[in-house]
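One structure is given below, encoded as structure tokens.
The chain is numbered in sequence order, starting from 1. Computed over heavy atoms, backbone and side chain alike; hydrogens, waters and symmetry mates excluded. Counting starts at 1 for both ligands and their atoms, following the listed order.
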Amino acid sequence: MLGMGWFPATLGGLDRYYRSLLEHLPEARGVVIGPAGDAPPSVRVVAAQDSALPKRLLSYWLAARRASKSAEVVDSHFALYAAAPLLSRSLRGQPKVFHFQGPWAQENVAAGDGSRIRFVLRRALERRVLRGADAHIVLSSAFRRVIVEDYRVVPWHVNVWAPGVALDVFTPGDRSGARARLGLDPEAFVTVCVRRLVPRMGVRSLIDAWARIADELPASSVLLIVGEGPLRADLAERVAQLGLSAGVRMLGRVSDEELLDVYRAADVAAVPTVAFEGYGLVVLEAAACGTPSIVSDVGGLPEAATPLDRSLVVAPGDTEALGERIRAASHGALPSRAAARAYAERFAWPAVAERHRDLYRRLIAGERDERPRVVYLDHVARLSGGEIALLRVLPHLRRVNAHVILGEEGPLADRLAQAGVSVEVLPIAASLRDLRRESVRVGGASPVAVWQTLAYVVRLARRLRRLRPDIVHTNSLKAGVYGILACRALGIPVVWHVRDRISADYIPRPAVRLIRALVRLADGLVANSTSTLETVSGAARQSGQWVISDSVELSPYPREADGGATTFGMLGRIAPWKGQDLFLRAFAAAFPDGEERAVVVGAPMFGEEDYEREVHQLAASLGLTGRVEFRGFREDIWRELARFDVLVHASVIPEPFGQVVLEGMAAGLAVLAPDEGGPAAVIADGETGRLFRSRDAGSLAAAMRELSEDGSARERLGASARGAVEPYRPDAVAGRLEEVYDCVLGAAARD
Ligand code: UDP
């Protein structure tokens, strides 16, 4: 194991991680730069941190060469030191693993090294070393994105493994003793921040956040800042300037015992990083002592914090949000200490080390991951229906090595990464990405759009040539178009997932013709419903066509029935064809006055703001002001659905699938939907929901009135609906997709 320095002589996350891993792998030999007074005999210590770089590199190289003579696998942690041994002939034989602990070249820039040449050289060296490895280990999905996007490493052998934490050292211990030793009031509200004092750690923003809320915090609240670094004097000055000296204490570097006291004494830890954070080991250390952390949304921090409580994550550098979250914590809005410890217990070092051992064993035995490699394409990263469907199913694929390429940065990229799915962004020109489907005219699209599409096809083809997937799966209409062109050029099989109606009631005729022609080139066609499939009928080629529904999990929340007047809700993006206007007109007709309430959840996503304004005006002109609530886009839809009694789906052209219908059922609601398209196939009328005559406000109003009057019918429909979504479980749907890949690959092999 080729390391950097030896912890604690060198203080850094990389060195701490390296030492812990080595100690849990007694069969491993190590090489580090000294000093390393307490290193075991299995570690060769060469040169010293303060010796000249050429000397360090040369002695490291020689030691690495000697140590690796008897090694069966080489695992490196730092590109600069590992470069010579890895790239020279001496180590060509053994399989190589690289632990990517952070973008070294960029970190140097962030730390103030302004030399462009040094940056370019460092980056080039890192790329060479990284690309030469047979397998990579990163601590978070966020860092997987970095090595795939910035270093162009292929994603297939990247392992995302959170670090371990020393659960026997970091324990909840004696909290009041810890407070007494630190001179803290037993009742005080205590926040800690344990970090190296360098700019990227964002400690200054924490001090500023504290200044905002200091007056509102309980008396004797304290912020402890632990750590050393070049910013120490500046930060101390800031504290004095803001008049915070009474409540903010800078402890500098502390001993291991004091560090434990700090974690144990604290109510909450703050990790306000603004750039580059592979994981944030401090989050686990604090949790192991029973202290939850409020973190910024940077790098791997959300992955470390959200499993405990999603609300612990705030935007980086946003002093207001950070202050607010700390203030809420002072009022008790935090996971319990027991929950924090239980969470940390998932990260035992022996288990982490065993995972490494297993990887080494497989590499030595020459075992390969034989699962088909599937690249998923989508042109957007917004949380729209097709994208949510993808997000739900991908984490459940077991027999596939999946990687997603998105055309824009956005919440889908973050959510996929957080769900452990490999993702990268290959940006599409915004004008092409946001080109409205209505603007595809007779005689073809505009020359600019054609040119941009072809340019993107070339870029994508270049990327796919490097990735060498077995299958490309296109998830949106635009991705279907550019995906099929790139893949036909490269001879990669394509599964085209159609989630929209390919018919003139949804897209212009020229686009219908274009898509139907292109779909014919796909090797497999998946439609989200029979009615969608019928719109592309006759299009599929040899390997066939499948109808695979979208998926849903049961709502995690119970209904919040308040026993009051019935609440009718609509959920979905705001767009003319989604029929928010039909819903409001039917509601007004059904309940001209009365207690019933209407709720509209959702927002325009693809430029339908004019329609949204019309819907608001309509509500006013129907006299519904005060009885209709517009909630805007909500990510946590289950909370919204818990407050509904009836979910109304009102699309005025046949809905291709309508995940919203499944979601309403999974939340145990009575669902009212039109008698056509996807919803009509999902709902058994009168048993698991109610169908009304599509586009008919009168029919919808009558059904709404009935359900308002008959609470027991609502209950009965909701209960059977919840039971009926079982076949739509994400793992079941993922299994069906895997069968499609089997067929397509089988057919490709026969060709
Ligand atoms: N959705 C959401 N928040 C909102 C409105 C909608 O998360 O405020 C989600 C909704 O829960 C569903 C998706 O957007 O998962 C819409 O999918 P659907 O298949 O119903 O329609 P599409 O948008 O694909 O036409």
Side-chain angles (χ1 to χ4, degrees), residues 310 378-394 410-412 414-415 419 436-437 475-479 497-503 505-507 526-529 531-532 535 547-557 569-580 583 599-608 611-612 615 629-644 647-667 669 671-674 676-683 689 725 728 730 733:
R310 187 170 272 283
D378 203 308
H379 72 288
V380 290
R382 295 154 222 195
L383 294 178
S384 173
E387 290 65 38
I388 292 176
L390 189 71
L391 174 61
R392 287 198 176 137
V393 79
L394 289 192
L412 178 65
D414 299 334
R415 296 292 167 273
R436 306 278 300 274
R437 56 176 198 274
N475 192 62
S476 64
L477 270 189
K478 282 183 192 161
H497 203 135
V498 185
R499 301 178 173 282
D500 303 282
R501 292 172 63 75
I502 311 302
S503 91
D505 57 10
Y506 184 68
I507 46 179
V526 174
N528 58 358
S529 67
S531 67
T532 301
T535 68
V547 171
I548 298 186
S549 68
D550 293 340
S551 66
V552 78
E553 273 175 290
L554 288 179
S555 167
Y557 304 127
M570 231 190 121
L571 165 68
R573 67 196 154 85
I574 297 201
W577 73 273
K578 291 290 185 183
Q580 276 88 3
F583 169 57
V599 180
V600 177
V601 179
M605 280 213 164
F606 301 101
E608 300 93 346
Y611 175 69
E612 185 185 32
V615 170
E629 190 187 350
F630 290 96
R631 304 272 297 153
F633 179 85
R634 297 281 148 169
E635 210 174 316
D636 191 354
I637 56 145
W638 302 116
R639 285 240 180 262
E640 301 298 318
L641 291 174
R643 298 169 48 231
F644 294 5
L647 175 83
V648 177
H649 195 269
S651 294
V652 293
I653 56 179
E655 178 72 36
F657 180 76
Q659 289 179 95
V660 166
V661 167
L662 271 192
E663 290 160 359
M665 294 168 74
L669 294 175
V671 179
L672 269 172
E676 62 183 3
V682 171
I683 291 176
V725 295
Y728 299 93
V733 173

- [ ] Report yes or no: does Ser651 contribute a side-chain atom to a donor-acceptor pair with the main-chain N or O of Ile653 at less than 3.5 Å?
- [x] no
Task: Among Glu640, Arg631, Gln659, closest by any non-hydrogen atom to atom 18 (P) of ligand 1 - done: Gln659
Task: Per-atom contacts of ligand 1 with Ile388, taking only distances under 4.0 Å to non-hydrogen atoms - done: 7 (O), 9 (C), 13 (C), 14 (O), 15 (O)
Open item on the list: Under 4.0 Å from a heavy atom of Ile637: which atoms of ligand 1 are those, numbered in the order shown and with their elements?
Closed with: 2 (C), 3 (N), 7 (O), 11 (O)
Task: Ligand-side contact atoms (ligand 1) for residue partner Gly632, heavy atom cut-off under 4.0 Å - done: 8 (O)
TODO: Answer yes or no for Arg499 and Phe657: cation-pi contact, defined as NZ/CZ to six-membered ring centre under 6.0 Å and angle to ring axis within 45°.
DONE: no
Task: Interfacing atoms of ligand 1 (cut-off 4.0 Å, heavy-atom, Leu571) - done: 4 (C), 5 (C), 6 (C), 11 (O)
TODO: Answer yes or no: is there a side-chain heavy-atom contact under 4.5 Å between Val552 and Glu663?
DONE: yes
- [ ] Determine yes or no for a side-chain-to-main-chain donor-acceptor pair under 3.5 angstrom, with Asn528 supplying the side chain and Asp550 the backbone.
- [x] no
- [ ] Please confirm whether Ala603 comes under 4.0 Å of ligand 1, counting heavy atoms of the residue only.
- [x] no
Open item on the list: Distance under 4.0 Å to a non-hydrogen atom of Gly572: what atoms of ligand 1 satisfy this?
Closed with: 5 (C), 6 (C)
Open item on the list: Less than 4.0 Å is my threshold; does some heavy atom of Met605 fall inside it relative to ligand 1?
Closed with: no
Open item on the list: For Phe657, state whether at least one heavy atom is located under 4.0 Å from any atom of ligand 1.
Closed with: no
Open item on the list: If we ignore hydrogens and angles and just use 3.5 Å, is the side chain of Gln580 paired with the main-chain N or O of Arg573 as donor and acceptor?
Closed with: yes
Open item on the list: Using a 4.0 Å cut-off to any heavy atom of Arg634, which atoms of ligand 1 qualify?
Closed with: 2 (C), 3 (N), 4 (C), 7 (O), 8 (O)
